[in-house]
Amino acid sequence: MTDVQELLLSRIRDVEDYPEQGVLFKDITPLLADPAAFTALTDALAEIAERTGATKVVGLEARGFILGAPVAVRAGLGFIPVRKAGKLPGATLRQAYDLEYGSAEIEVHAEDLTAGDRVLVVDDVLATGGTAEASLTLIRRAGAEVAGVAVLMELGFLGGRDRLAPALAGAPLEALLRL
């Protein structure tokens, strides 16, 4: 494990039985409150953005906004929020996806992504991969290319990497921490 990985992991708090009984929640708020750890995280994700040749960063609601915006600034790229349906004004592209119990929809402003864009999706956690998979579909529907997906942590036991592989179509999936 690298020094950066150790720093990041040391600032993630486990919260038992949240949001429901039997779930071990990974709380990143202590990491965000530590300027050295947040800077290390931002630098590591910005390096991935640069390495993938991204021209824009998409952040997934809500913690992907917190991580993606400073990554975009650090890498000198534009930032695009992908929101829950009904939260963006104006013309949007919308994508539905299945959850464990039901379904959800996300959307992006139609004009924010163009055919010349290479987009890196940034989020805090890759769990089952449903939201990330839907975001890749949205990016391609907007005419842009997927540069990859970068997350702070991957919960490998939930199978998100396998689910996401076909949608990535060869683009990289990078997790700074694999738990």
CA sep, side-chain torsions, deciding dist, call: Ile28, Leu152, side chain to side chain contact (heavy atoms under 4.5 Å, CB included): CA-CA 9 Å; Ile28 68 166; Leu152 165 58; 3.7 Å; yes
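- Nearest heavy atoms, Val108 versus Pro81: CG2-O, 3.9 Å.
- Taking 4.5 Å as the limit, some side-chain heavy atom of Ser135 sits within range of a side-chain heavy atom of Ile106.
- Checking side-chain atoms of Ser10 against main-chain N and O of Leu7 turns up a donor-acceptor pair under 3.5 Å.
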Full working for side chain to side chain contact (heavy atoms under 4.5 Å, CB included) between Val125 and Glu154: CA-CA 6 Å; Val125 175; Glu154 175 183 351; over 6 Å; no
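- A continuous path of Ile, Leu, Val, Met, Phe, Trp and Tyr side chains, each step under 4.5 Å between heavy atoms, connects Leu60 with Leu113, placing both in one hydrophobic cluster.
- Checked for salt-bridge contact, Arg83 and Glu107 miss the test: no charged N lies under 4.0 Å from a carboxylate O.
- If you take CD on Glu47 and CG on Leu176, they are separated by 9.5 Å, rounding to the nearest 0.5 Å.
- No side-chain donor-acceptor contact under 3.5 Å links Arg141 to the backbone of Leu136.
- Heavy-atom contacts from other residues, nucleotides or ligands closer than 6.0 Å to OH of Tyr18 number 12 or fewer.
- Pairing each heavy atom of Phe79 with each of Ala72, the nearest pair is CB-CB, 3.8 Å.
- Hydrophobic clustering (side-chain heavy atoms under 4.5 Å, transitive across Ile, Leu, Val, Met, Phe, Trp, Tyr) groups Leu177 together with Val4.
- No side-chain donor-acceptor contact under 3.5 Å links Glu50 to the backbone of Ala75.
- The heavy-atom pair separating Leu77 from Ala49 by the smallest distance is CD1-CB, 4.0 Å.
- Between Ile66 and Phe38, the closest side-chain pair of non-hydrogen atoms falls below 4.5 Å.
- Rounding to the nearest 0.5 angstrom, the gap separating the CD atom in Glu111 from the CG atom in Leu93 is 9.5 Å.
- Atoms CZ and CE, from Arg178 and Met1 in turn, are 12.0 Å apart once rounded to the nearest 0.5 Å.
- In this structure, the side chains of Arg13 and Thr29 come closer than 4.5 Å at one or more pairs of heavy atoms.
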Trace of the side chain to side chain contact (heavy atoms under 4.5 Å, CB included) decision for Leu179 with Met153: CA-CA 7 Å; Leu179 308 174; Met153 64 186 133; 3.7 Å; yes
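- Side-chain contact check for Leu173 versus Leu126: some heavy-atom pair is nearer than 4.5 Å.
- Residues Val71 and Val149 are members of separate hydrophobic clusters, defined by side-chain heavy-atom contacts under 4.5 angstrom among Ile, Leu, Val, Met, Phe, Trp and Tyr.
- A salt bridge is absent between Lys84 and Glu105; no separation between the charged side-chain nitrogens and carboxylate oxygens falls under 4.0 Å.
- In plain terms, the two heavy atoms of Ile48 and Ala150 that are nearest each other are CG2-CB, 3.9 Å.
- Under the 4.5 Å side-chain criterion, counting only non-hydrogen atoms from C-beta, Thr131 is not in contact with Glu133.
- No side-chain heavy atom of Asp27 sits under 4.5 Å from any side-chain heavy atom of Ile12.
- Here the options are Leu32, Asp123, Leu31, the test is side chain to side chain contact (heavy atoms under 4.5 Å, CB included), and the partner is Leu67; only Leu32 passes.
- By the rule that hydrophobic residues join a cluster once side-chain heavy atoms approach within less than 4.5 Å of another member, Leu168 and Val122 end up as members of separate clusters.
- Environment of CZ in Arg63: sparse, with no more than 12 heavy atoms of neighbouring residues, nucleotides or ligands closer than 6.0 Å.
- A 4.5 Å side-chain heavy-atom check between His109 and Thr92 finds at least one atom pair inside the cut-off.
- Counting heavy atoms of neighbouring residues, nucleotides and ligands inside a 6.0 Å radius, atom CG of Asp17 exceeds 12 of them.
- Tyr97 and Ser103 share no donor-acceptor pair across their side chains, judged by distance under 3.5 Å alone.
- Two residues are said to be in side-chain contact when any heavy atoms from C-beta on lie closer than 4.5 Å; Leu120 and Val58 fail this criterion.
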Trace of the side chain to side chain contact (heavy atoms under 4.5 Å, CB included) decision for Glu145 with Arg140: CA-CA 6 Å; Glu145 183 181 343; Arg140 290 191 177 103; over 6 Å; no
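- The structure places CG of Leu138 at 12.0 Å from CD1 of Ile80, a figure rounded to the nearest 0.5 Å.
- What you find for Leu8 and Ala37 is that their closest heavy atoms are CD2-O, 3.6 Å.
- With hydrogens and angles disregarded, a donor-acceptor distance shorter than 3.5 Å links the side chain of Gln5 to the backbone of Thr2.
- Within the 3.5 Å criterion, the main-chain N or O of Val119 finds no donor-acceptor partner in the side chain of Asp117.
- Closest heavy-atom contact between Arg118 and Gly53: NE-O, 3.3 Å.
- A continuous path of Ile, Leu, Val, Met, Phe, Trp and Tyr side chains, each step under 4.5 Å between heavy atoms, connects Leu9 with Phe157, placing both in one hydrophobic cluster.
- Residues Lys87 and Glu61 are not paired through a salt bridge, judged by the lack of any N-O separation under 4.0 Å between the basic side chain and the carboxylate.
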